[in-house]
Structure formats: structure tokens, C-alpha cells
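I have placed the structure first, in the form of C-alpha cells, so that the comments after it can refer back to it.
Worth knowing before you read on, the calculation uses all heavy atoms, side chains too, and leaves out hydrogens, waters and symmetry mates. Chain naming here is simple, since letters A, B, ... match the order of the sequence lines and numbering starts at 1 in each.
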There are 2 protein chains.
Amino acid sequence: MELHQLRYFVAVAETGGFSKAAKRCYVAQPSLSQQIIKLEHELGKELFERLNRKVALTEAGKALLPRAKLILSEASNIKSAILDDVDSGSGTLSVGMIPTIAPYLLPGSLDKYGKRFPVSRIKVNENLTDRLIKDIINLDVDIAIMSLPIDDPLIQTKTLFDDPLVLALSPGHPLSKIKNIKIDDLKSIPFIALEEEHCLGEQIKSFCYEKQINPEIICRTWNLSTIQHCVSYGNGISLVPKMLVMTDSSQSCEYREIKGQSPSRNIVAAWHKDRKLSKLALEFILIVNEIYESLLESYKV
Amino acid sequence: MELHQLRYFVAVAETGGFSKAAKRCYVAQPSLSQQIIKLEHELGKELFERLNRKVALTEAGKALLPRAKLILSEASNIKSAILDDVDSGSGTLSVGMIPTIAPYLLPGSLDKYGKRFPVSRIKVNENLTDRLIKDIINLDVDIAIMSLPIDDPLIQTKTLFDDPLVLALSPGHPLSKIKNIKIDDLKSIPFIALEEEHCLGEQIKSFCYEKQINPEIICRTWNLSTIQHCVSYGNGISLVPKMLVMTDSSQSCEYREIKGQSPSRNIVAAWHKDRKLSKLALEFILIVNEIYESLLESYKV
DNA sequence: CGTAGTTATAGGTATAAACTATACAACACA
DNA sequence: TGTGTTGTATAGTTTATACCTATAACTACG
């Protein structure tokens, strides 16, 4: 079955004759007749009673007519429907985000995205960098919000912003009295570390190694909120991303930036190097940026 | 746009590649590629991002996929849907009936038909014979229940039954005392006549002419129920169809059959000579017969 | 009985969908 | 850095089929 056969069929039904239908369809009458016959063979039913000066729909024809019209109208609407869909941003977007970003930026981003593109569908995967890279390559994820470094050659990235790492101290910790904390002040101090499977854990480790700090790691956890609790209980200090600080309403810890060479992580959007980002993906990236900016704003005040 | 293009498109989307899709569709890969390209041109949008070992749907592709699947499933369901429709008698039937039959047989027939074919749609036209013949020829009506004679060569008929004409008398009318009323008893008697535009009126007139009765027509009406009333008030006598008598619960008139050459009209189903009656039409004819039979039954008792 | 109007059939043409072969690109793996 | 594998696109050819013209067969109607 092909659409032109349905077109011819509807034309015959509506004009009441093969000749008139052929005129309407801009084909010769025999061509149209043959296509109708072909359709009838395929369906195994006569569609028309051929009378002398008119044709009448058989029962099968009557049953076909509304269905054929439906299909044709759906087919002819497809083009405009697709344009509408694309323009109105009703597509679907699949994003990934690492666990050391998601808790702080995802809620706000999802909210904003949902308001800006109410008809779009979005799916979020929170996963470690390695897994997200695989997802990107397998096309399971359109874009991922993660942290450099990313060395896979199939991935391209765009920097969103730098998120500094700040010291987390228990309230009243000796260090909190020092005005300008320097790197050297951290040597051999009890430290709560993030698991190195997290890129953030790895980054902090490298940073300490580079600066030749050898913190005494007394706890290693998978979870930044665990770190917060340990720090607030005075078990040790830690380095946490500023985005955590800005969204921490508990004030159970004190936070200090390190003067001089403050460590930071480079937050990027990452996607398959051969893919062109969809409009929705670009918008999502913008929104993540806006959310971070607005955190900065409200934190200053 | 043609259905095979949509089939190829869905295959590519579902298999994630042109080669695999071509295998699934039993065509060579270049053929399929070209059809996809053609579809893309027609829609004015790329449907796939061609990556190295995979293809990803673009936004336009994502928008097309569910629509294409819908159309294809509708198309593939058409055959069975039509068979279902035809077998289950969900077709539509358009019947005609003359006004001197409809009041007595239509209500029961419609009721029975509706119960037997609950999903079918039926449309009834009550009209004079001339108009019904035109409707049949114009294919506006599938079958009509009417009375012979019908002389149009485009119409074929099937006799359903003979409906006798009986005398209608006012209660206590002198004639009602006669045991065996004969034709000669009717000569020059006051008569309530049906308009001759009704075939029944014409038939009665011919009958009187044939039998050389010259009734004194004191009233001419369009309506059999008017005749009933006039007769019951003693204005005169009349000839009415037996089907009226059998459905008259008022008993306001007395009815007598004429011994000897009792007049009757031949009730038939009529349809276009070139048309094959649909199953539903045949069933409707049966039902009309059954209704008349059941009237006879209940009248005897 | 011929004319006009209809659909079906026959036979040829042309379009376009199919095929084969091959080019081209990107990995994978040695 | 080659070499094989896997993927799509392109070129050229073949085949299928949708199309056309011409005409036949039929009927209604004048």
C-alpha cells in the first residue's frame, strides 16, 4: 500500500468517478484505475461498484474512506507539525551531570528549563565522569555537565565557569581565626577526603600533591554532604566546591577561600565531537550558567 | 512522501544505522539511503546526524518518529480493520420507504435492525415513489421499500409480500351487517380517497376504475390517518392497507375484507439494477418481512 | 443508430526505485 | 603506520512500475 493509492481512492470516492478523480489528481485515467485495482487486490476487496455513469462505495470502501482520509491528513500535516515541534522546543533532551555538581545546580536548572520549555521532555542521568563519557559516545546522552580534565578524543567541551574550591572548617576551628589562610597552613592537617572515583576527589588529591601538602586523610567518603557533617563535627577540614557553599543554608561549617593560588575546577558542558548541539541543549547550557551566576549574586548579598 | 520512505525511516531510527535498516527492509543500502535523502529534502530538514558508526535522530527526526510510526501502524491495520468492519456489519445503510408503509413497518423494523446490528448506522428517507426512484438512481438510497408498479428500467425489485386492501367502515355502518361484502356493494357510495400522488391512491383509483365502481369521493387527503378519522366519524368508507388495520389499536373503525377479487398491493424492495445488495441491505429486507409476518400472527390471535 | 460519457485493456515510455561496484571516512588492531 | 573492518555516499546500470496514448467495451440518451 502506498499513499498515492489512498489519494486516488479518496479522489474517486469524493468525485464519484474515475475520470473526474484522474483530472483532480493530474494523472491519466488508466493510471489511476490501475492503482485502484492494485489497492483492491492488496486489500482483497472491491472498493467500488462500477456502475454506468457513477461509482458507489462498497461496504469495504465505506470502511476504508475515513481511515484513508485520516492517514492522508496525518501525512500532509507532518511537515508543519515537525516544524512546529522543532520551533516550539518540544523535543526531548537527555543530559548527564556528575554527582559533585548535580545537588547544587540541577534543581534550579530543571525548574528553569521546565518553565522555559514546558512542552519539552528532559531526562537526567547523574553519574561519574567515566560513565557519562560512555553515555555521550553511545548517544544515550546529548550533553553532560562535568569537570575537566576530559581526555577522550571523541568528546568536545565548552567551559561554563570556574568553580573555586574553598576550605571547610568546623565553627571556631583554629584556622578560622587566621585572616589570610595560605597553602602552607594546611600541611599535615586532619582531612576529610572525597573518594577518588569522583573527579573532584582526584582533583583535590592532585592539588595537594602539586602543592606538596600531605594532609592526614582520616575519612574517605563518596558524598560531599558526608564531608560537610564530618567537618562540622570537627573531625577535620576539607576542600569543597564553592557551589556547595553557596547553597548551604545550614551554616554548620565555616568556609574560607585560600589566598594566593586558590584551587578551582573547570566546569564544562561536554558532548560528542561530531554532533551539533540542539537548540534545547544550548538552552540548557545557558540555564546552568544562569543558575550559577544567580548563586554568586545571592551569595554576595 | 510515500509510505515506504516512512518505513525506511523508522527502520533506520530503530536499528541505528542505514546498513542494518536496509537488511531489515530487504533492500540494498544505497536504495534506502536515497529514499531517506529524498524524504529529508521533502521535509526540508535533516532527519539523522550521520556519525561514524551510528546515526542519531535530529530534533526533526525525533519529531517525525512517533508520527511515522502512527501512520504506518494505521496503514498496516487497515486491511484487518476493513474486514472487521464488513463482517461485523458496522457499515451504513440508507433505506427509503413510502409514506403509506412507513408508519406501520418502520418503527418495528428500525428497532429490530438496531438490536441486530448495534454498530451499524442506518438512515431512513420517507418519500413518495417518484422521489425514491430518483434517490436510488442517484445512489443516495441503497434500498427502498415501496409498492409496485415500478416501471423504471434502472430499478430492480424483489417482492416481499402482498398487502391486501380492506374496507374501512364506521362502527355500525350498514355494510358492516352484510356477511360477504362484494364489489358491487360499493357502487356510488361516499368515499374518502387518498391523494393520487401516493401510489396507493393511484392504485385504489385504478382498482375502482377496473371494477367499474364509481365512488363518490367526498374527501381527498394526503394522510391515511386522516382517512381513518373521517371514516370513524361516518363521513364515508375507504380502502386502507391491511398493515394499517393490524397496527390500529384504537378500534375506531370496523374493517372488512372484500370477498372475491380482493384488491391488494405488492410490496417490494427496490434497488439500482446494477448494484449488488450489501449484507446489511439484505438483512433489512428480511427484517421488514419478519415484522409483517409478526403483525399477521398477532392479528390472527 | 450514432454520439457522448464512462471504465478497462493493451502496449509502449519514462521515471524512479532498485541493484552492483566502488569511493570515502573512521575506527580497531596489529 | 599500515591494514582490515564497518559504516555511508556516490556513480552508473538495470529493472520495475507508474505513467501515457490509443482503443475497446459498455451504456445512456438523443
Side-chain angles (χ1 to χ4, degrees), chain A residues 1-9 11-13 15-42 46-58 61 133-134 136-139 152-156 272-275, chain B residues 1-9 11-42 46-58 61 133-134 136-139 151-156 272-275:
Chain A
M1 182 186 308
E2 286 298 340
L3 286 183
H4 65 264
Q5 295 170 336
L6 296 182
R7 285 188 206 104
Y8 294 169
F9 165 75
V12 173
T15 59
F18 284 58
S19 307
K20 297 187 198 78
K23 248 173 220 146
R24 183 206 270 193
C25 297
Y26 304 107
V27 293
Q29 165 264 317
S31 312
L32 185 140
S33 290
Q34 286 187 335
Q35 292 303 309
I36 296 286
I37 291 169
K38 207 169 170 185
L39 182 60
E40 288 177 326
H41 283 339
E42 183 175 347
E46 299 254 306
L47 295 170
F48 298 104
E49 298 179 64
R50 276 78 160 173
L51 308 180
N52 296 328
R53 298 202 168 284
K54 273 189 181 171
V55 295
L57 284 168
T58 60
I133 287 176
K134 281 179 191 150
I136 290 174
I137 293 171
N138 291 334
L139 309 177
D152 195 299
L154 284 177
I155 306 278
Q156 67 178 312
H272 194 297
K273 79 172 171 55
D274 295 330
R275 295 190 70 180
Chain B
M1 182 187 308
E2 288 298 339
L3 287 182
H4 65 266
Q5 296 170 337
L6 296 182
R7 282 190 266 272
Y8 294 169
F9 165 75
V12 174
E14 288 185 346
T15 59
F18 284 59
S19 307
K20 296 187 199 79
K23 246 172 223 148
R24 184 206 269 193
C25 297
Y26 304 106
V27 292
Q29 165 265 316
S31 312
L32 184 141
S33 290
Q34 285 188 336
Q35 291 303 310
I36 296 287
I37 290 169
K38 210 169 168 184
L39 182 60
E40 287 177 326
H41 282 340
E42 183 175 347
E46 299 254 306
L47 296 170
F48 297 104
E49 297 178 66
R50 276 77 161 174
L51 308 181
N52 297 330
R53 299 202 167 279
K54 275 190 180 173
V55 295
L57 285 168
T58 60
I133 287 176
K134 280 180 194 150
I136 290 172
I137 293 172
N138 291 333
L139 308 178
D151 53 2
D152 195 300
L154 285 177
I155 306 279
Q156 68 178 314
H272 195 296
K273 80 171 172 52
D274 295 330
R275 295 191 70 180

Could you tell me which residues satisfy salt bridge (charged side-chain N to carboxylate O under 4.0 Å, His left out) with B:E42, sequence neighbours excluded, listed by chain and number?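 So B:E42 forms no salt bridge (charged side-chain N to carboxylate O under 4.0 Å, His left out) with any residue.
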Output every pair passing salt bridge (Lys or Arg N to Asp or Glu O under 4.0 Å) with a member in residues 27-39 of chain A, not counting sequence neighbours, ordered by first then second residue.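 Checked against salt bridge (Lys or Arg N to Asp or Glu O under 4.0 Å) - neighbours excluded - no pair reaches residues 27-39 of chain A.
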Could you work out, with side-chain hydrogen bond (donor to acceptor under 3.5 Å, both in side chains) as the rule, every residue matching [X], not counting sequence neighbours?
{"X": "B:R7", "result": "A:E2"}
{"X": "B:E40", "result": "B:R50"}
{"X": "B:E46", "result": "none"}

List for me each residue that meets side chain to side chain contact (heavy atoms under 4.5 Å, CB included) alongside B:K20, sequence neighbours excluded, and say none if there are none. B:T15
When the C1' atoms of the five terminal pairs at each end define the local axes, what inter-axis angle does the helix from C:dC1-D:dG30 to C:dA30-D:dT1 show, to 10 degrees?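 One end's axis against the other's: 10°.
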A:L57 versus A:A13, closest heavy-atom pair with distance: CD2-CB, 4.1 Å
Of the non-hydrogen atoms in B:M1 and B:L39, which two are nearest, and what is the gap between them?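 Result for this residue pair: CG-CD1, 4.1 Å.
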Over how many whole Å does the gap from A:L3 atom CG to D:dA18 atom C1' extend? 15 Å
In a table with atom names and distances, give each donor-acceptor pair under 3.5 Å that connects a side chain of residues 22-36 of chain B to protein atoms at least two apart or in another chain.
from, atom 1, to, atom 2, distance (Å)
B:R24, NH1, B:E14, OE1, 3.1
B:R24, NH2, B:E14, OE1, 3.3
B:Q29, NE2, B:S33, OG, 3.1
B:S33, OG, B:Q29, O, 3.2
B:Q35, OE1, B:H4, NE2, 3.2
B:Q35, OE1, B:Q5, NE2, 3.2

Answer yes or no: does a side-chain N or O of A:S31 lie under 4.0 Å from OP1 or OP2 of D:dA18?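 No, because none of the side-chain N or O atoms of A:S31 sits under 4.0 Å from OP1 or OP2 of D:dA18.
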Summarise protein proximity over nucleotides 3-15 of chain D in one line of letters, 5' to 3': B for base, S for sugar-phosphate only, - for none, counting protein heavy atoms closer than 4.0 Å. --BBSBBB-----
First contact, last contact: which nucleotides of DNA chain C are these for chain A, 5' to 3', heavy-atom distance under 4.0 Å?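 Using the under 4.0 Å cut-off, the span is C:dA4 to C:dC27.
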Within the structure shown, what part of the strands sits under 4.0 Å from A:F48 by heavy-atom distance: base, sugar-phosphate, or nothing?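 Contact class for A:F48: none.
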Residues in ring pair (Phe, Tyr, Trp, His ring centres under 6.0 Å) with B:F48, at least two apart?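 Once residues adjacent in sequence are excluded, the partners of B:F48 under the ring pair (Phe, Tyr, Trp, His ring centres under 6.0 Å) criterion are B:F9, B:F18.
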